[in-house]
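The structure appears right after this line, and notes come after that.
Letters go in sequence order (proteins before strands), and every chain restarts at 1.
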Amino acid sequence: MRRTRLFLSTLKETPSEAQIVSHRLMLRAGLVRQSASGIYTWLPTGLRVLQKIAQIVREEQDRAGAQEVLMPTIQSAELWRGSGRYDDYGKEMLRITDRHDRELLYGPTAEEVITDIVASEISSYRDLPKNLYNIQWKFRDEVRPRFGVMRGREFLMKDNYSFDLDKAGAVHSYNKMFLAYLRTYARMGLKAVPMAADTGPIGGDLSHEFIILAETGESAVFCDEALLALDTPGDDIDYESDLQGLVDQWTAHYAATDEKHDPETCDVPAERLVTARGIEVGHIFYFGTKYSAPLGATVQGADGQQITLEMGSYGIGVSRLVGAIIEASHDDNGIIWPESVAPWTVGVINLKVGDADCDATCEKIYADLQAAGVEVLYDDRGERAGGKFADMDLVGIPWQLMVGPRGLKDGKIEVKQRAGGEKSEIALNVLGDWIAARATS
RNA sequence: CGGGACGUAGCGCAGUCUGGUAGCGCAUCACACUGGGGGUGUGGGGGUCGCAGGUUCGAAUCCUGCCGUCCCGACCA
């Protein structure tokens, strides 16, 4: 993408409503603009990041055997009356009336919709298990939206739902998601801590929150340092094998948020107890027949009897992750994206627009990077001497190539890595290798 | 939902107390000079001062109501 064509406006000063660092940087780097309280427009750069995060989530869901669907944002009140939640959910649910006075709602979650679909479409035990997910906008009318996209009212969530014949099957489905979540966060450069959790209004008796560590996180987190040293499952993980041992490795260690942490009863030795701050970015539940029973989600078993399905649900706050990653990875100059979610991998900076050598070299590098499939932002604006560098840093481009007359005289350009800020020179005649390395990584 | 604050150009702010028809920095536009880390100079453009009433010869400024936004607490992907 050429900078001159990109819709991007960065801010030198911080809008006064933004209090936390991720919100400030998202506004300053031109990722989002607020439309109403807790509701945001995603601008091109921010949308690229959001979509990259969604894609990682999608790949790990698919790998773990879940299938993608897309459910509506607007749901019928009738469906929610069926589960008894229409009256229970409270003011967080945005209720809508259409022209025929039918009651609708903007979905805060989708247990009812998916259970209704499964109830009507699946009738044999032979069609189970199933795990369906979607990545869809949700709306929860929070009393007090804040922290930008970290606690918006409208947010993008990956939510999925597993359907099994019995509890053992449901726990296996739960374990798949548990491990898939660890992989998902790790791919975004995040350290995630799974933590036993209350099940809240969704109900059930097995639940974990996934908290990622960030200095500016909302809540304090206490855990055994052994937990942080565990290896994330590799991409060769066999999700059909017995996963319980693997999951137990993670759940065996102590982990608690400040509400639950009690120094009196915590049995972790002081020297191993890690105190950090964290942000909740995922939550998984096993809740049995809480929805399948009232909504009639049953199948016929081998013996001819009807079996009520055992269910679980699993959520990842996709839009929240954008803010969470920034909280976990930034410096005074701006965002430091992990390469896996960066809006562009490489930035090309033309230090002297109008200089024939600089222009031609930049155009060639830009074309070569594109041909190699490397996502590149080419700063071809040529305005102030400093502003363009600053934008690359603010927006968090992982690799920055600086092309100027001084270096070209010696056949060199400068390479800067955003994380750490190391600079080095690279000769033009070996730049092809450098590009090839970016293409394969 | 309880407590607090704010709303003046895209962003950050001054002006409000003490009423006289709007200003500063950044951004933006033009030109020139520049170019190796938030350029320099000169000259421009942009605001029914959140909205609606009221008081007054005159309201950004005083009064009333409404709307919006943020912060602290109780609640959450």
(request) Check every strand shown and say whether A:Gly152 touches a base, only sugar-phosphate, or nothing at a heavy-atom separation below 4.0 Å. (result) base
(request) Using the P atom on both, measure B:U56 against B:C63 and round to a whole Å. (result) 16 Å
(message) Quick one, A:Ser292 with A:Glu310, criterion side chain to side chain donor-acceptor pair (under 3.5 Å). Give me CA distance, side-chain angles, the key distance, then yes/no.
(response) CA-CA 7 Å; A:Ser292 50; A:Glu310 292 281 330; over 6 Å; no
(request) Determine, for A:Tyr291 and A:Arg85, whether the Lys NZ or Arg CZ falls below 6.0 Å from the six-membered ring centre while staying within 45 degrees of the axis. (result) no
(message) Please report the distance, rounded to the nearest Å, between CD in A:Glu13 and P in B:A14.
(response) 12 Å
(message) Whole angstroms only, please: what is the CG-P distance between A:Asp357 and B:G36?
(response) 17 Å
(request) Give the rounded distance in Å between these two atoms: CZ of A:Phe7 and P of B:G10. (result) 14 Å
(request) Could you state the atom-to-atom distance from CG of A:Leu351 to P of B:G39 in whole Å? (result) 15 Å
(message) Within the supplied structure, the quantity of interest is the number of heavy atoms (other residues, nucleotides, ligands) at a distance under 6.0 Å from A:Gln67 CD; does it exceed 12?
(response) no
(request) Find the partner of B:C24: check Watson-Crick (N1-N3 plus N6-O4 or O6-N4) and G-U wobble (N1-O2, O6-N3) distances, both under 3.5 Å, and reply none if neither fits. (result) B:G12
(message) Check the phosphate of B:C70 against A:Gln34, side-chain N and O only, distance under 4.0 Å to OP1 or OP2. Yes or no?
(response) yes
(request) Would you classify A:Gly404 as touching base, sugar-phosphate or nothing, given that sugar-phosphate means primed atoms plus P, OP1 and OP2, and contacts are heavy atoms under 4.0 Å? (result) base
(request) Sticking with atom C1', work out how far B:U34 lies from B:G25, rounded to a whole angstrom. (result) 23 Å
(message) Counting only side-chain heavy atoms from C-beta out, which of B:G36, B:G25, B:C75 sits nearest to A:Arg406?
(response) B:G36
(request) Tell me which of A:Asp393 and A:Arg144 sits closer to the 5' end of RNA chain B, going by the nucleotide each one is nearest to. (result) A:Asp393
(request) Quote, to the nearest angstrom, the C1' distance that separates B:C67 from B:C51. (result) 7 Å
(message) Tell me whether the ring of A:Phe155 lies stacked over the B:A77 base, given a 5.5 Å limit on centroids and a 30° limit on the plane angle.
(response) yes
(message) Measuring only the P atom in each nucleotide, how far is B:C72 from B:G10? A whole number of Å is fine.
(response) 27 Å
(request) Measure from the side-chain heavy atoms of A:Gln400 and tell me the nearest of B:G37, B:C1, B:C11. (result) B:G37
(request) Flag this pair as yes if the NZ/CZ of A:Arg438 is under 6.0 angstrom from the six-membered ring centre of A:Trp399 and inside a 45 degree cone about the axis; otherwise no. (result) yes
(message) I want to check one thing: is the phosphate of B:G36, taken as OP1 and OP2, less than 4.0 Å away from some side-chain N or O of A:Lys352?
(response) no
(request) Hey, which sits more toward the 5' end of RNA chain B by its nearest nucleotide, A:Glu414 or A:Arg153? (result) A:Glu414
(request) With the side chain of A:Pro15 defined as its heavy atoms from C-beta on, choose the nearest nucleotide among B:C11, B:G37, B:C70. (result) B:C11
(request) Answer yes if the side chains of A:Tyr181 and A:His208 hold a donor-acceptor pair under 3.5 Å, and no otherwise. (result) no
(message) Does A:Lys409 reach a base, just sugar-phosphate, or nothing at all? Heavy atoms under 4.0 Å.
(response) nothing
(request) Tell me the partner of B:U40, counting only Watson-Crick (N1-N3 plus N6-O4 or O6-N4) or G-U wobble (N1-O2 and O6-N3) with both under 3.5 Å; none if nothing fits. (result) B:A32
(request) Describe the nucleic acid contact of A:Ala36 in one word from base, sugar-phosphate, nothing, applying a heavy-atom distance below 4.0 Å. (result) sugar-phosphate
(message) Could you go through A:Tyr239 and A:His172, starting from their C-alpha distance and side-chain angles, then the distance that decides it, and tell me whether this counts as side chain to side chain donor-acceptor pair (under 3.5 Å)?
(response) CA-CA 9 Å; A:Tyr239 280 111; A:His172 185 239; over 6 Å; no
(message) Whether A:Glu425 and A:Lys412 form a salt bridge (side-chain N of Lys/Arg under 4.0 Å from carboxylate O of Asp/Glu) is what I want to check.
(response) yes
(message) Looking only at the side chain of A:Thr10 (C-beta and beyond, no hydrogens), which of the listed nucleotides B:G36, B:G38, B:C70 gets closest?
(response) B:G38
(request) Determine the sole option in A:Val415, A:Ile365, A:Asp368 for which the side chain to side chain contact (heavy atoms under 4.5 Å, CB included) test with A:Leu431 is passed. (result) A:Ile365
(request) Describe the nucleic acid contact of A:Val281 in one word from base, sugar-phosphate, nothing, applying a heavy-atom distance below 4.0 Å. (result) sugar-phosphate
(request) Would you mind classifying the nucleic acid contact of A:Glu209 as base, sugar-phosphate or nothing, using non-hydrogen atoms under 4.0 angstrom? (result) nothing
(message) If the cut-off is 4.0 Å, is A:Lys12 near the phosphate of B:A27, judged by side-chain N/O to OP1 or OP2?
(response) yes
(message) Whole angstroms only, please: what is the CG-C1' distance between A:Leu11 and B:C11?
(response) 6 Å
(request) Quote, to the nearest angstrom, the C1' distance that separates B:U64 from B:U18. (result) 22 Å
(message) What is the distance, to the nearest angstrom, from the CG atom on A:Leu401 to the P atom on B:G37?
(response) 17 Å
(request) Pick base, sugar-phosphate or nothing for A:Thr14, based on heavy-atom distances below 4.0 Å to the nucleic acid. (result) sugar-phosphate
(request) Verify the contact: side-chain N or O of A:Ser16 to OP1 or OP2 of B:C70, cut-off strictly under 4.0 Å; return yes or no. (result) no
(message) Counting distance alone, no hydrogens or angles: does the base of B:C76 have a donor or acceptor under 3.5 Å from a partner atom on the side chain of A:Arg151?
(response) yes
(message) Tell me which nucleotide, if any, is Watson-Crick or G-U wobble paired with B:G45 when both distances must be under 3.5 Å.
(response) none
(request) Return the nucleotide paired to B:G65: Watson-Crick means purine N1 to pyrimidine N3 with N6-O4 or O6-N4, wobble means G-U with N1-O2 and O6-N3, both under 3.5 Å. (result) B:C51
(message) From C-beta outward on A:Glu17, which listed nucleotide comes closest to its side chain: B:G38, B:C75, B:U69?
(response) B:U69
(message) Please name the nucleotide paired to B:C70 by Watson-Crick or G-U wobble geometry with both distances under 3.5 Å, or report none.
(response) B:G4
(message) Could you tell me how far B:A14 sits from B:C49 if I compare only their C1' atoms? Round to whole Å.
(response) 13 Å
(request) Write down the distance between CD (A:Glu218) and P (B:A77), rounded to a whole number of angstrom. (result) 11 Å
(message) Under 4.0 Å, counting only non-hydrogen atoms across every strand here, what does A:Lys416 touch: a base, just sugar-phosphate, or nothing?
(response) base
(request) Considering only atom C1', compute the distance from B:C11 to B:G47 and round it to an integer number of Å. (result) 14 Å
(request) Determine the contact category for A:Pro108: base if any of its heavy atoms lies under 4.0 Å from a base atom, sugar-phosphate if only primed atoms, P, OP1 or OP2 are that close, otherwise nothing. (result) nothing
(request) May I ask you to verify if any side-chain N or O of A:Ser37 is less than 4.0 angstrom from the OP1 or OP2 atom of B:G68? (result) no
(message) Using the side-chain heavy atoms of A:Phe389, tell me which of these nucleotides is nearest: B:C76, B:C26, B:G37.
(response) B:G37
(message) For a 4.5 angstrom cut-off between non-hydrogen side-chain atoms, does A:Phe139 reach A:Leu105?
(response) no
(request) Starting at atom CG of A:Asp332, determine the distance to atom P of B:G37, rounded to an integer number of angstrom. (result) 18 Å
(request) Considering only atom P, compute the distance from B:G37 to B:C70 and round it to an integer number of Å. (result) 38 Å
(message) Counting distance alone, no hydrogens or angles: does the base of B:G38 have a donor or acceptor under 3.5 Å from a partner atom on the side chain of A:Arg28?
(response) yes
(request) Counting Watson-Crick and G-U wobble pairs only, both distances under 3.5 Å, name the nucleotide matched with B:A60, or none. (result) none
(message) Testing the 3.5 Å rule here: is there a donor-acceptor pair between the side chains of A:Asn160 and A:Gln61?
(response) yes
